[in-house]
Number of protein chains: 2
Amino acid sequence: MPEKTYSISDLASEFGVTTRTIRFYEEKGLVTPRREGQKRLYNQADRVRIKLILRGKRIGMTLDECVEVIDMYDPEHNNAEQLHSLIARVQDKRARFEQQRRDIDEMLKGLDEVQALCESALAEAGAAN
Amino acid sequence: MPEKTYSISDLASEFGVTTRTIRFYEEKGLVTPRREGQKRLYNQADRVRIKLILRGKRIGMTLDECVEVIDMYDPEHNNAEQLHSLIARVQDKRARFEQQRRDIDEMLKGLDEVQALCESALAEAGAAN
DNA sequence: TTTACCGTTTACGTTAACGTAAACTTGAGC
DNA sequence: GCTCAAGTTTACGTTAACGTAAACGGTAAA
C-alpha cells in the first residue's frame with residue numbers, strides 16, 4: 001500500500017504553523033519533501049521530523065539544535081569510535097534537558113506558592129464578611 | 001545591618017553573562033538598580049530577578065514572558081477580582097510548563113533509545129571479536 | 001470563462017536579544 | 001601625576017526565525 005502523504009497546508013494546519021514556516025524549514029534543509037509536479041508532497045518521515053522540530057522549539061531549542069538531536073536518530077554511525085562519540089553527545093543533551101526540567105520544576109513550585117497565597121487571601125477576605 | 005550589594009561585574013560573572021546583558025535588562029525595565037554616583041548597585045532583590053530571568057530563558061521564555069511570571073510574585077493585587085485573574089494567569093503558565101515537561105520527557109525518552117541502540121551495537125561489535 | 005483557492009518563487013521587512021566599538025569618567029595603586 | 005581596571009553612555013551591527021507582499025501557475029466549481 002502506498003505511503004500516506006500530506007500537502008503543505010495539511011501539515012501547516014495540523015501543527016498550527018504557516019506554510020511559510022514549513023518552506024523555511026526546507027530552505028534550511030530540515031525537511032526535503034518530494035515533488036509532484038510543482039507541489040510538495042510530504043511523507044510520514046517528513047511529518048515526524050516537523051513534529052520533532054516543533055517539540056524542540058517549544059522547549060527553546062534553536063533549529064540547529066533540533067537538527068543535532070534529530071540527526072542522532074538516524075544511524076550514520078558505523079564504527080565504535082562514532083558510536084562512542086554519539087553516546088557522548090547524547091549525554092550532553094541529556095544534561096541540558098535535565099537542567100531544563102529542574103528549571104521547570106522550580107517555576108512550577110513558584111506558581112504553587114503564588115496560587116496558595118492568592119487562595120488564602122481570598123479565604124481571608126471571604127471570612128471577613 | 002546593611003543589605004549586601006553587588007557590582008554589575010559581580011553579577012555578570014556569577015551568572016555567566018556579560019555586563020551588556022545586564023544593562024540591556026535594565027533598559028527593558030527588568031531590573032532597576034540604584035546608583036552610587038555613576039555606578040550601578042544591585043541588591044539581593046535585583047539579583048534574584050536576574051536569576052529568575054535567566055532561568056526563564058533556559059526554558060525558552062522571552063524576556064517579556066519572564067517579566068509576566070516575575071510580576072506574579074509581587075502582590076499588586078488587592079481585591080478578589082484581581083486575585084482571581086492572577087490565579088487564572090497562574091493556571092495558564094502552569095499548563096505551558098507542564099507541556100514543556102512532557103516535551104522534555106519525550107526528548108529524554110528518545111535519547112534513551114538512541115543510547116540503548118548504540119550500546120547494543122557496541123556489544124555486538126565486541127562479541128564479534 | 002471567470003472566480004476562487006491552493007500552490008509556487010523571489011525578495012525585502014521585522015523583532016528579540018544581545019554584540020561590538022568608540023569615547024569618556026572615576027577611584028585605586030604606584 | 002600617571003596608569004590601569006572597571007565603570008559609564010551612545011549608537012550602530014548581527015542573527016534567528018519567520019512575516020509579508022508581489023507576481024505567477026494549475027484546477028475545480030459556478
Side-chain angles (χ1 to χ4, degrees), chain A residues 4-43 46-47 49-71 93 96 100 103 107, chain B residues 4-43 46-47 49-71 93 96 100 103 107:
Chain A
K4 176 158 193 190
T5 61
Y6 307 85
S7 76
I8 191 168
S9 50
D10 286 344
L11 294 182
S13 72
E14 174 178 357
F15 291 123
V17 300
T18 67
T19 59
R20 172 69 176 104
T21 295
I22 297 181
R23 286 193 202 96
F24 177 73
Y25 292 165
E26 184 176 348
E27 278 181 48
K28 303 226 76 180
L30 280 75
V31 283
T32 48
R34 64 177 211 275
R35 298 293 180 114
E36 191 172 47
Q38 184 81 307
K39 317 243 173 128
R40 292 165 170 84
L41 258 195
Y42 298 84
N43 60 20
D46 295 323
R47 183 174 162 281
R49 287 180 72 89
I50 293 178
K51 191 172 184 169
L52 290 176
I53 293 165
L54 297 176
R55 174 182 294 162
K57 284 204 54 192
R58 281 197 299 274
I59 58 173
M61 296 172 66
T62 67
L63 293 183
D64 287 346
E65 288 172 318
C66 291
V67 173
E68 277 186 62
V69 171
I70 291 175
D71 282 350
K93 295 297 172 187
R96 180 230 168 104
Q100 283 189 293
D103 288 327
M107 291 289 196
Chain B
K4 176 159 192 190
T5 61
Y6 308 86
S7 76
I8 192 166
S9 50
D10 286 344
L11 294 183
S13 73
E14 173 178 357
F15 292 122
V17 299
T18 67
T19 59
R20 173 68 175 103
T21 296
I22 297 181
R23 285 193 203 96
F24 177 73
Y25 292 164
E26 182 175 349
E27 278 181 47
K28 303 226 74 180
L30 279 76
V31 283
T32 49
R34 64 178 210 273
R35 299 294 182 113
E36 192 170 50
Q38 182 83 308
K39 318 245 172 127
R40 290 165 171 82
L41 259 194
Y42 298 85
N43 60 20
D46 294 323
R47 183 175 161 281
R49 288 181 71 91
I50 293 178
K51 191 172 187 171
L52 290 176
I53 293 166
L54 297 176
R55 174 182 294 163
K57 284 206 54 193
R58 282 197 298 275
I59 58 173
M61 296 173 66
T62 67
L63 294 183
D64 286 347
E65 288 173 318
C66 291
V67 173
E68 275 185 62
V69 171
I70 292 175
D71 282 351
K93 295 297 172 188
R96 179 227 170 109
Q100 284 189 292
D103 288 327
M107 292 289 197

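In what follows, chains carry the letters A, B, and so on, assigned in the order in which the sequence lines appear, proteins first and then strands, with residues in each chain numbered from 1.
Looking at every heavy atom in both residues, B/Pro33 comes nearest to B/Leu41 through CB-O, 3.5 Å. The two atoms that bring B/Leu30 and B/Arg49 nearest to each other are O-NE, 2.7 Å, heavy atoms only. When all heavy atoms of A/Asp10 and A/Ser13 are compared, the closest pair comes out as O-OG, 3.2 Å. In terms of heavy-atom proximity, B/Arg47 sits nearest to B/Leu11 at CG-CD2, 3.7 Å.
Under 4.0 angstrom from either OP1 or OP2 of C/dT8 there lies at least one side-chain N or O belonging to A/Arg23. Between D/dT8 and B/Arg40, a contact under 4.0 Å exists linking OP1 or OP2 to a side-chain N or O. For D/dA16, neither phosphate oxygen OP1 nor OP2 lies less than 4.0 angstrom from any side-chain nitrogen or oxygen of A/Lys57. Dashed line: the shortest gap from a side-chain N or O of B/Thr18 to OP1 or OP2 of C/dG19 is under 4.0 Å. Dashed line: the shortest gap from a side-chain N or O of B/Lys28 to OP1 or OP2 of C/dC18 is not under 4.0 Å. Here A/Thr21 does not reach the OP1 or OP2 of D/dA17: none of its side-chain N or O atoms lies under 4.0 Å away. Taking side-chain N and O atoms only, A/Tyr25 has a distance below 4.0 Å to OP1 or OP2 of D/dC18.
Atom CZ of A/Phe24 is separated from atom P of D/dT15 by 14 Å (rounded to the nearest Å). Rounding to whole angstrom units, CD of residue B/Glu36 and P of C/dT26 are separated by 14 Å. Between B/Lys39 atom NZ and C/dT26 atom P there is a gap of 10 Å when expressed in whole angstrom units. In this structure, the CD atom of B/Glu27 is 12 Å from the P atom of C/dG19, given to the nearest Å. If you take CZ of B/Arg58 and P of C/dA17, they are 16 Å apart, rounded to a whole angstrom. The distance from atom CG of A/Leu41 to atom C1' of C/dC6 is 13 Å, rounded to the nearest whole Å. Look at CG on B/Asp64: it is 6 Å from P on C/dA17, rounded to the nearest Å. In this structure, the CG atom of A/Leu63 is 16 Å from the P atom of D/dT15, given to the nearest Å.
Each of B/Arg96, B/Lys93, B/Lys57 was scored for a side-chain hydrogen bond (donor to acceptor under 3.5 Å, both in side chains) with B/Glu65, with one residue passing: B/Arg96.
With hydrogens and angles ignored, a donor-acceptor pair under 3.5 angstrom links the side chain of B/Arg20 to the base of C/dT20.
Listed nucleotides: D/dA17, C/dT8, C/dC18. Nearest to the side chain of A/Thr62: D/dA17. The side chain of B/Gln38 has D/dT8 as its nearest neighbour among C/dC6, C/dT8, D/dT8.
As judged by a 4.0 angstrom heavy-atom cut-off over every strand, B/Ser7 is placed among residues touching the sugar-phosphate backbone only.
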